[in-house]
There are 2 protein chains.
Amino acid sequence: MANQTGVLDDVFLALADPTRRSVVRHLGRGPASVSELARGRAMSLPSFLKHVRTLERAGLVSTTKTGRVRTCALDRERLELVHDWLAEERRVWEGRTDRLEQLVTRSTTSPKDLP
Amino acid sequence: MANQTGVLDDVFLALADPTRRSVVRHLGRGPASVSELARGRAMSLPSFLKHVRTLERAGLVSTTKTGRVRTCALDRERLELVHDWLAEERRVWEGRTDRLEQLVTRSTTSPKDLP
DNA sequence: CCAATACTTAGCCATATGGCTAACCAAACA
DNA sequence: TGTTTGGTTAGCCATATGGCTAAGTATTGG
C-alpha cells in the first residue's frame, strides 16, 4: 500500500520538466504567487498556469486563492516520496528486502514524518 | 553546470511509468535479458521494447547484445542523479545555498565522481 | 465608476507517448 | 535443413503534453 503507483507516476512526470523543477526550486525558498513565479519566464501566463496545475495534480504544490492572488506552496512531503522510492531501490541492490528498515533509513535525512 | 537539465528531464520522464519503474526494480537484483524482463507483462514485445529504449535514453539502463540475446543492466549512477537533485532541493529549504557543501553531503551515499 | 491587475477559460495546434499488428532478421536447436 | 526463439523495424492509432491567442471574470487602486 506504500506505493500507490499513480502518485509516483504524477510526481515523476511533474518533475520531468525544467520549468516545473525550477518552480519547485523557487518554492523551496518560500511560498509565492503565480505571477511572481511566472516572472522572467519566456512563456505566456496560461501556458505557465498549466505547469502549476501539473504540480498541483502531483501533490507537489498546494495553492490557495486570496482576493485575486493565488499563492503556491511546496509540499515537501511529496518530494520525500521520491526519496523513499530511491531508498527502496537501494535496499534492493543491497539485497535487503525487509520493509521495516525503510522507516529507520528514512530518518537519517529528515527526522520529521514518522507515522 | 551540475544540472544538465536535459538529462534530468529524461531520467524523471523514464521513471514516470510503472512498467519502467518495475524494470528498474527488477534490474536492481541484477542484469536480465529483454524477454526475461518482459515475461508476465500484459504487453506486446515491441511495446515493451520501447520502454527499455526510454530507460536507455535516460541512461538508467545500458544494454549489450550477445548472440541473439540483449542483456540489460541498471546504471545506479544515473539514479544517484535523482538523489543529488533532491539533496539540492533540501539545501534550498534549509537556506544553505553554498555549493561546496553539495560535494560533501553527496559523499555520504556515493563517494565517486567529485570533479 | 473606471482602469489596471491577476488570473482563468476555451479553444487551436504540433509533437510526443504508449499501445497495437504484421513482417522481418539472425542465432540456436533438433 | 528447417523451426523455434529472441529481438527488431515499420507502420498505425488514440490520447496526452506543452505551447499559443483571444476573450473572459473578479479584485483592487485611483
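Note on naming: letters A, B, ... go to the chains in the order of the sequence lines (proteins, then strands), and numbering restarts at 1 for each one.
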Quick one: label A:R41 by what it contacts on the DNA or RNA (base, sugar-phosphate, nothing), any heavy atom closer than 4.0 Å.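 Nothing: the residue A:R41, judged by heavy atoms under 4.0 Å, touches no strand.
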With a non-hydrogen cut-off below 4.0 angstrom, is B:S35 in contact with a base, only sugar-phosphate, or nothing?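 Sugar-phosphate contact only.
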Please determine whether a side-chain nitrogen or oxygen atom of [X] lies at a distance below 4.0 Å from atom OP1 or OP2 of [N].
X     : N      : answer
A:T54 : D:dT17 : no
A:H51 : D:dT17 : no
A:K65 : D:dA26 : no
B:S47 : C:dG18 : no
B:S44 : C:dC20 : yes

Sub-4.5 Å side-chain heavy-atom contact between A:R41 and A:V23: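 Yes, close enough: below the 4.5 Å cut-off.
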By the definition salt bridge (Lys or Arg N to Asp or Glu O under 4.0 Å), identify the one residue from B:R25, B:R78, B:R76 that meets it with A:E89.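 Of all the options given, the one that passes is B:R25.
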When only distance counts, do a donor and an acceptor, one from the side chain of B:K50 and one from the base of C:dG19, lie under 3.5 Å apart?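 Indeed there is one.
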Does B:R68 contact C:dA27 through a side-chain donor or acceptor facing the base, at a distance under 3.5 Å?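 When only heavy-atom distances are counted, B:R68 does reach the base of C:dA27 through a donor-acceptor pair under 3.5 Å.
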Could you state the atom-to-atom distance from CG of A:L49 to P of C:dT9 in whole Å?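 Going from CG in A:L49 over to P in C:dT9 covers 8 Å.
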Between A:L13 and B:E36, which is nearer to the 5' end of DNA chain D once each is assigned its nearest nucleotide?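 Comparing both residues, the 5'-ward one is B:E36.
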Salt-bridged, A:R91 to A:E88, with N to O below 4.0 Å?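 Answer for the salt bridge query: yes.
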Which nucleotide, D:dG18, C:dT8, C:dT5, lies nearest any side-chain atom of A:R20?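 In terms of side-chain proximity for A:R20, the closest of D:dG18, C:dT8, C:dT5 is D:dG18.
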Just one of A:D75, A:L86, A:L60, A:V7 clears the side-chain contact (heavy atoms from CB on, under 4.5 Å) bar with A:L81, so which one?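 Of A:D75, A:L86, A:L60, A:V7, side-chain contact (heavy atoms from CB on, under 4.5 Å) with A:L81 is met by A:V7 alone.
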